[in-house]
S.K.: 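Handing you this structure, nothing more for now.
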Protein chains: 2
Amino acid sequence: MLNDRKKKILQTIVEDYIANSQPVGSKRLVENYDLGVSPATIRNEMAELEEMGYLDKPHTSAGRVPSTLGYRVYVDSLMKVDSLKDEEIVYLKQSIEKEIVEVSEIVKHVSKAVSNITDYTVFATGPNVTDAVIQDVKLVLLNKNMLLIVVVTKEEAVKETVIHLEKDLDEDTIEKINEILRIKLVGEYIKNVQVNVLKHIGNELSAYMDILISILNEIMKIIKTNDISLDGSNNMFKHPEFQKYNLAKNFMDVLEAKQLIKEVLKVEDDDINIYIGDENQYSEFKDFSLITFNCPENLGAIGIIGPTRMDYAKVLSVIKYIKGIINSKYRKDGYLDG
Amino acid sequence: MLNDRKKKILQTIVEDYIANSQPVGSKRLVENYDLGVSPATIRNEMAELEEMGYLDKPHTSAGRVPSTLGYRVYVDSLMKVDSLKDEEIVYLKQSIEKEIVEVSEIVKHVSKAVSNITDYTVFATGPNVTDAVIQDVKLVLLNKNMLLIVVVTKEEAVKETVIHLEKDLDEDTIEKINEILRIKLVGEYIKNVQVNVLKHIGNELSAYMDILISILNEIMKIIKTNDISLDGSNNMFKHPEFQKYNLAKNFMDVLEAKQLIKEVLKVEDDDINIYIGDENQYSEFKDFSLITFNCPENLGAIGIIGPTRMDYAKVLSVIKYIKGIINSKYRKDGYLDG
DNA sequence: TTTAGCACTTTGGACGTTCGAGTGCTAATT
DNA sequence: AATTAGCACTCGAACGTCCAAAGTGCTAAA
């Protein structure tokens, strides 16, 4: 559909615009890049590219700017993902290989590292536990009316919460209740946990049905809570487009919309998903580009948000490196083998 | 030092400026407020107030704007803290009286409510546990090499963390270690916990010294971690001063400086602390005003950050109401009596 | 097919003018 | 002695004009 020269021109425009945030003109293009043709020829090509929808013009006498479609083509087929600088590799490696005990911590370190390297804003959620299998449930009586509920998954994610008891319970009773829960829950997929697993419990414990139900409800609640971490929100102000009040304001609204962020971080597969500007499903994101991916081994999901004029190649190279390093580290030493 | 008329004028200027964010002129003042003198008189007074340092002038032909000192005098002696609107009272009450199990949750709800009512940005930390007394320490073996450490304070704050064990331990050993920790730690002020409490443990457990030390280190670590919550960061963009790029950028930098926020939230006493503009100790805050206070009953600390042109009276009335409601609720029903 | 040349468009900065709001000062008034 | 009317003055915001810079599209020549 696009001949080679058009591809080359489109690629160059996108890259120049990403680097300089100024609309790109024909003269600038021939002067700075080795295209082997005159500005006039470039102009003809650019006019066609614009007609085909790959470029936009802010106004008649300005240069061209990539359209969403232009970015899309660039990302899908023109972009070259180069490798990272040595110091970036060292930094990323060291961020990931910190001594970490709880799996949900890992993405947080990755998130911070990515925001530092890319200058964009990064958010992350921990492991998606609803897809996980329960390895153990522990009830711990903290004092006579506080009960700690701990759920451990096969992947060693740990979730815990505290509830207040209406009536005091002794250790023996707690242990009995715990045993019931173990029998009913261990080995189950968390997403399948429902109150009616309690249907067939013996008579001896039916007196504690109330407490059992409330514990089960808490378990269903905590596995759904998934804190998001946020890094580099001030990075955005390094990019010139955020001097525009409206864009800055919209960005703040995105930051505050935690629920929305959780929603976009529900990444299904192992791909790297790129949503450019108005490709975004949620209108709040339409001024931005969003790149999301799952960390391997179900460590969590990460989202990177930046202007549509985002350095896609850079971000992708960072992501690919991270996926690689996590794969080799955590798969190799069996850290997550349960 | 200031005669009554000057006080009245200063107060009126501050309040008008807070309400309208426009420099206040003499004509505007007499037209909108019942001062009983002519603009000329006001001008003379304003000139003197400026000379005394209570007012600033953006430029020769602009009205006056309060200086830091002007706000200070206003806050200290001129301001009238009015009572809240009915709907605000209902909303606050309902936010605080939600069913809440873990004490550290309470401030988070309060924080969100305050940011909604005031249109400023609010951050909060949970109870300051270092000043608390340990009620219990529990070790729970999650699986053969994961150990959950739980610390409960007298005030019923719960902190927990997971560590990975180097060598596998059985339940009996864990129980022995737990017993040692109980003996050594229960009843202690958290701030006094040190590794050398382990000095005089019996021989039988000295084989487990390594694990004891690492547990103790974890305990000292977790009691120091204090997550901050943040609400209404996008509220700031409702205030006209934040259309200035520099102010917006500085504000983002404040948001990202979590360590700094923790620092300013170390509130010592039961007062409400107000730091206006360059009164702030940390330069990052010098463009803003900061109001901090401790929630009663050691529930946590809350900080409200806004422009120097902040509605101090409104914020203070909210804070006072909150302190009152927490006092009456949690003191009365003995929720925190442990 | 490519390019040189040129007329045309638009933005943005520099500059000047005007207008409104506000000031400080002086002299008159209370 | 305190207040106020009056007035000259100052400054910024808004507006228009002008011009340069950058870029375009089109035409005609190479």
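Chain naming here is simple, since letters A, B, ... match the order of the sequence lines and numbering starts at 1 in each.
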S.K.: What string of B, S and - do you get for nucleotides 9-28 of chain C, 5' to 3', if B is base contact, S is sugar-phosphate-only contact and - is no contact with any protein heavy atom under 4.0 Å?
M.R.: BBS---------BSBB----
S.K.: In whole angstroms, how far is the P atom of D:dA1 from the CD atom of B:Glu45?
M.R.: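 These atoms are roughly 17 Å apart.
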S.K.: How many whole angstroms separate atom CD1 of B:Ile9 from atom P of D:dT3?
M.R.: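 Rounded to the whole Å, the gap is 10 Å.
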S.K.: Using atom CG of B:Asp56 as one end and atom P of D:dC11 as the other, report the distance to the nearest whole Å.
M.R.: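 For the pair B:Asp56 CG and D:dC11 P, the rounded distance is 17 Å.
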S.K.: For A:Ile42 and D:dA22, what is the distance between atoms CD1 and P respectively, to the nearest whole Å?
M.R.: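 Result: 18 Å.
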S.K.: Rounding to an integer number of Å, can you tell me how far A:Tyr17 OH sits from D:dG23 P?
M.R.: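 Spelled out: OH on A:Tyr17 to P on D:dG23 is 14 Å.
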S.K.: Are the aromatic ring centres of B:Phe285 and B:Tyr275 under 6.0 angstrom apart?
M.R.: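 They do not qualify: ring centres at least 6.0 Å apart.
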S.K.: Expressed in angstrom and rounded to an integer, what is the separation of A:Leu29 atom CG from C:dT3 atom P?
M.R.: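 About 14 Å, once rounded to whole Å.
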S.K.: Report the residues that fulfil ring pair (Phe, Tyr, Trp, His ring centres under 6.0 Å) with A:Tyr312, sequence neighbours left out, ordered by chain and then residue number.
M.R.: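 A:Tyr312: ring pair (Phe, Tyr, Trp, His ring centres under 6.0 Å) contacts with A:Tyr71.
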S.K.: Find the distance B:Lys6:NZ to D:dT3:C1' and express it as a whole number of Å.
M.R.: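 The distance from NZ of B:Lys6 to C1' of D:dT3 comes to 14 Å, rounded to the nearest Å.
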S.K.: Can you tell me if A:Tyr33 and A:Asp16 form a side-chain donor-acceptor pair at under 3.5 Å?
M.R.: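 Yes, a side-chain donor-acceptor pair sits under 3.5 Å.
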S.K.: Answer whether the closest heavy-atom distance between the side chains of B:Leu78 and B:Leu10 falls below 4.5 Å.
M.R.: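 Yes, at least one pair of side-chain atoms sits under 4.5 Å.
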S.K.: Output yes when A:Glu88 and A:Lys85 qualify as a salt bridge under the 4.0 Å nitrogen-oxygen rule, no when they do not.
M.R.: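 Counted as a salt bridge, because a side-chain N and a carboxylate O are separated by less than 4.0 Å.
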S.K.: Can a side-chain donor-acceptor contact be found between A:Ser21 and A:Arg309 if the only test is distance below 3.5 angstrom?
M.R.: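 No, no side-chain donor-acceptor contact under 3.5 Å.
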